[in-house]
2 protein chains.
Amino acid sequence: MDEKFESYFKAAVSVDNVVFGFDHTGLKVLLIYRGADPYRNCWALPGDLISLDTNLIDSAEKVLQDLTGLEEIYMEQIHTFGKVDRHPYGRVFTVAYFALIKIEDYHLHPSSWAEEAAWFPIGEIPELPFDHNDILAYAKEQLKSKIRRQPIGFELLPKHFTLTELQNLYESILETEFDVRNFRKKILSMDFITDTGLKQTSVTHRPAKLYKYNAKRYSNLINTGFAFDL
Amino acid sequence: MDEKFESYFKAAVSVDNVVFGFDHTGLKVLLIYRGADPYRNCWALPGDLISLDTNLIDSAEKVLQDLTGLEEIYMEQIHTFGKVDRHPYGRVFTVAYFALIKIEDYHLHPSSWAEEAAWFPIGEIPELPFDHNDILAYAKEQLKSKIRRQPIGFELLPKHFTLTELQNLYESILETEFDVRNFRKKILSMDFITDTGLKQTSVTHRPAKLYKYNAKRYSNLINTGFAFDL
DNA sequence: TTAATTATTGTACTTTTTACAATATATTCG
DNA sequence: CGAATATATTGTAAAAAGTACAATAATTAA
């Protein structure tokens with residue numbers, strides 16, 4: 001390699017994950033409490049610098065797996081942030097991902113980081129270090145946009161869910177309201193949300209039917225030119 | 001900074017631009033003929049390594065401006081590629097952008113690179129170095145998806161265009177066909193493509209009316225909750 | 001048995017999408 | 001100058017999708 005290239009090879013690249021979760025109180029984001037400099041003792045997005053011998057996507061997945069203990073998490077790269085002064089230690093580009101996890105599953109597998117992580121309601125995010133507030137805002141917009149056109153909402157719900165839960169999820173993320181009858185009609189007409197035959201238990205009122213997402217049917221539909229849009 | 005961080009600061013980051021153009025023969029991509037190593041004497045996406053003192057977006061814009069001489073080019077970041085072995089000189093992440101330019105304007109401002117750049121029809125792209133073929137494929141998908149929901153098709157057409165040209169553009173990019181009457185009805189009903197009062201000249205048949213995109217009307221519509229979708 | 005709570009379902013109306021072909025306006029050529 | 005050629009422009013009826021709206025059903029708790 002020519003010497004003139006050397007000056008370029010002095011940057012670092014990190015990944016930062018915006019991890020979304022959902023429960024009956026609404027949409028939440030997983031933040032970690034930093035135990036090391038820079039910005040020690042701050043809440044921040046979970047992320048890490050990338051080792052030179054690790055692929056980008058592997059690095060993003062590893063951060064999440066260390067943090068949650070979960071495998072097969074829905075992740076998507078959303079944007080790369082590269083302002084010159086965004087990191088105090090030097091030139092650090094960060095590649096942001098968003099991830100959707102089922103909060104229940106997360107509680108089942110606490111990891112070494114568990115004590116230092118917490119869910120924050122989307123409306124109560126504190127001031128974060130670096131440009132993490134920007135990243136989070138960007139991720140939220142992406143989620144709003146993606147969830148309308150791709151069947152990813154289910155990633156935030158238990159495997160079996162009620163239509164009311166599904167509607168609450170959409171209303172919460174899209175910050176809007178749907179008519180109960182029309183919402184159900186539309187969802188069920190799409191034919192890839194199927195009745196499990198089961199019902200809620202331990203509720204103090206009429207139990208709702210439990211449904212599940214049928215990925216196979218969805219991909220069949222896609223192949224016929226169908227486009228999900230809510 | 002702690003010494004343990006030093007090993008991370010040895011990566012380089014580049015930008016690569018997928019520049020789309022359109023003429024009556026269809027969608028085209030601008031490639032450059034590399035005059036320097038690595039991959040000297042190959043057609044490739046126009047891109048460059050990022051200096052440590054340059055913001056990401058500025059770097060992407062500079063590459064395009066050097067190449068085309070144009071200012072105010074429509075650009076959008078699409079994805080970051082970071083496989084370990086994608087560059088022969090070391091660990092290089094690349095942030096890909098797509099850009100839309102009016103081919104006519106480009107011809108008006110040849111730059112220092114002009115002799116080494118050429119438009120390739122989207123269906124006749126040669127084998128490219130690095131992972132540029134992957135980047136291009138990704139960009140093409142993004143374009144297909146974006147052009148349906150955002151009024152960016154006009155960036156590829158002259159300021160004044162006919163509805164037939166507009167329809168050809170959409171049909172070409174989306175690889176589908178529209179009914180002439182329905183297409184025009186839909187486009188014109190959106191109310192932000194306005195008649196200039198002008199007509200084509202120098203055509204050997206009935207001249208078509210010339211229209212233009214009205215950005216102000218579009219943003220007004222957006223504020224009323226309107227969503228473009230073709 | 002009644003009260004309380006949430007789940008579930010249908011219909012008429014409006015809007016949007018779709019399918020489909022004849023007429024209009026310009027140039028070129030004989 | 002008229003005919004041939006080439007593309008531009010326009011409407012309507014039928015189907016599908018979206019919207020607005022409220023009564024009944026199923027369960028637990030008192």
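Convention: sequence-line order gives letters A, B, ...; per-chain numbering from 1. All of these numbers come straight from a predicted model, not from anything done at the bench.
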Quiz item: Any side-chain heavy-atom pair from A:L100 and A:L143 closer than 4.5 angstrom?
Solution: yes

Quiz item: Taking only residues two or more places apart in sequence or in another chain, which ones pass salt bridge (charged side-chain N to carboxylate O under 4.0 Å, His left out) with B:R34?
Solution: none

Quiz item: Crowded around A:K144 NZ? As in, over 12 foreign heavy atoms under 6.0 Å?
Solution: yes

Quiz item: Are any non-hydrogen side-chain atoms of B:I101 and B:L156 less than 4.5 angstrom apart?
Solution: no

Exercise. Figure out the CG/C1' separation between A:L163 and C:dT9, and round it to whole Å.
Key: 12 Å

Quiz prompt | B:D66 with B:K62: basic N within carboxylate O range, under 4.0 Å | solution = yes

Self-check item: With sequence neighbours excluded, residues passing ring-ring contact (aromatic ring centres under 6.0 Å, His included) with B:F154
Solution: B:F161, B:Y213

Quiz prompt | Listed nucleotide nearest any side-chain atom of B:P207, set C:dA7, C:dT25, D:dA26 | solution = C:dT25

Exercise. For D:dA8, take OP1 and OP2 only and decide whether either is under 4.0 Å from a side-chain N or O of B:K209.
Key: no

Quiz item: What residues in residues 217-228 of chain B put a non-hydrogen atom under 4.0 Å from any atom of DNA chain D?
Solution: none

Quiz prompt | Pairs satisfying side-chain hydrogen bond (donor to acceptor under 3.5 Å, both in side chains), at least one member in residues 130-142 of chain B, at least two apart | solution = B:D16-B:H132, B:H79-B:Y138, B:R86-B:D131

Exercise. Among the candidates C:dA26, C:dT8, D:dT9, find the nucleotide nearest to the side-chain atoms of B:K199.
Key: C:dA26

Quiz item: Where do A:I193 and A:Y211 come nearest, in terms of heavy atoms and distance?
Solution: CG2-CB, 3.7 Å

Which protein N or O atoms sit under 3.5 Å from an N or O of nucleotides 11-13 of chain D?
| unit_1 | atom_1 | unit_2 | atom_2 | d |
| --- | --- | --- | --- | --- |
| D:dT12 | O4 | B:K185 | NZ | 2.7 |

Quiz item: How about A:F93 and A:F81: are their ring centroids closer than 6.0 Å?
Solution: no

Exercise. Whole angstrom is fine here: how far is it from CZ in A:R184 over to C1' in D:dA25?
Key: 12 Å

Any N/O pairs under 3.5 Å between the protein and nucleotides 27-29 of chain C? List them or say none.
| unit_1 | atom_1 | unit_2 | atom_2 | d |
| --- | --- | --- | --- | --- |
| C:dT27 | O4' | B:T204 | O | 3.4 |

Quiz prompt | Any residue meeting salt bridge (charged side-chain N to carboxylate O under 4.0 Å, His left out) with B:E124, in chain and number order, not counting sequence neighbours | solution = none

Quiz item: Can you name the residues that form a ring-ring contact (aromatic ring centres under 6.0 Å, His included) with A:F226, not counting sequence neighbours?
Solution: none

Quiz item: For residues B:Q65 and B:E61, is any side-chain donor paired with an opposing acceptor at under 3.5 Å?
Solution: no

Write down the protein N/O and nucleotide N/O pairs, taken from nucleotides 15-18 of chain D, whose separation is under 3.5 Å; answer none if there are no such pairs.
| unit_1 | atom_1 | unit_2 | atom_2 | d |
| --- | --- | --- | --- | --- |
| D:dG18 | OP1 | A:K186 | NZ | 3.4 |

Quiz item: Who are the salt bridge (charged side-chain N to carboxylate O under 4.0 Å, His left out) partners of A:K146, not counting sequence neighbours?
Solution: A:E76

Exercise. Check whether any side-chain heavy atom of A:I135 lies under 4.5 Å from a side-chain heavy atom of A:V18, and answer yes or no.
Key: yes

Quiz item: How many Å lie between CG on A:L166 and P on C:dT8, as a whole number?
Solution: 12 Å

Practice problem: If a pair satisfies salt bridge (charged side-chain N to carboxylate O under 4.0 Å, His left out) and one of its residues is in residues 188-206 of chain B, list it, with sequence neighbours excluded. | Solution: B:D191-B:R217, B:D195-B:K209

Quiz item: Among residues 146-156 of chain B, which contact DNA chain D at a heavy-atom distance under 4.0 Å?
Solution: none

Practice problem: Could you check whether B:T162 gets within reach of a base, just the sugar-phosphate, or nothing at all, counting any heavy atom under 4.0 Å? | Solution: nothing

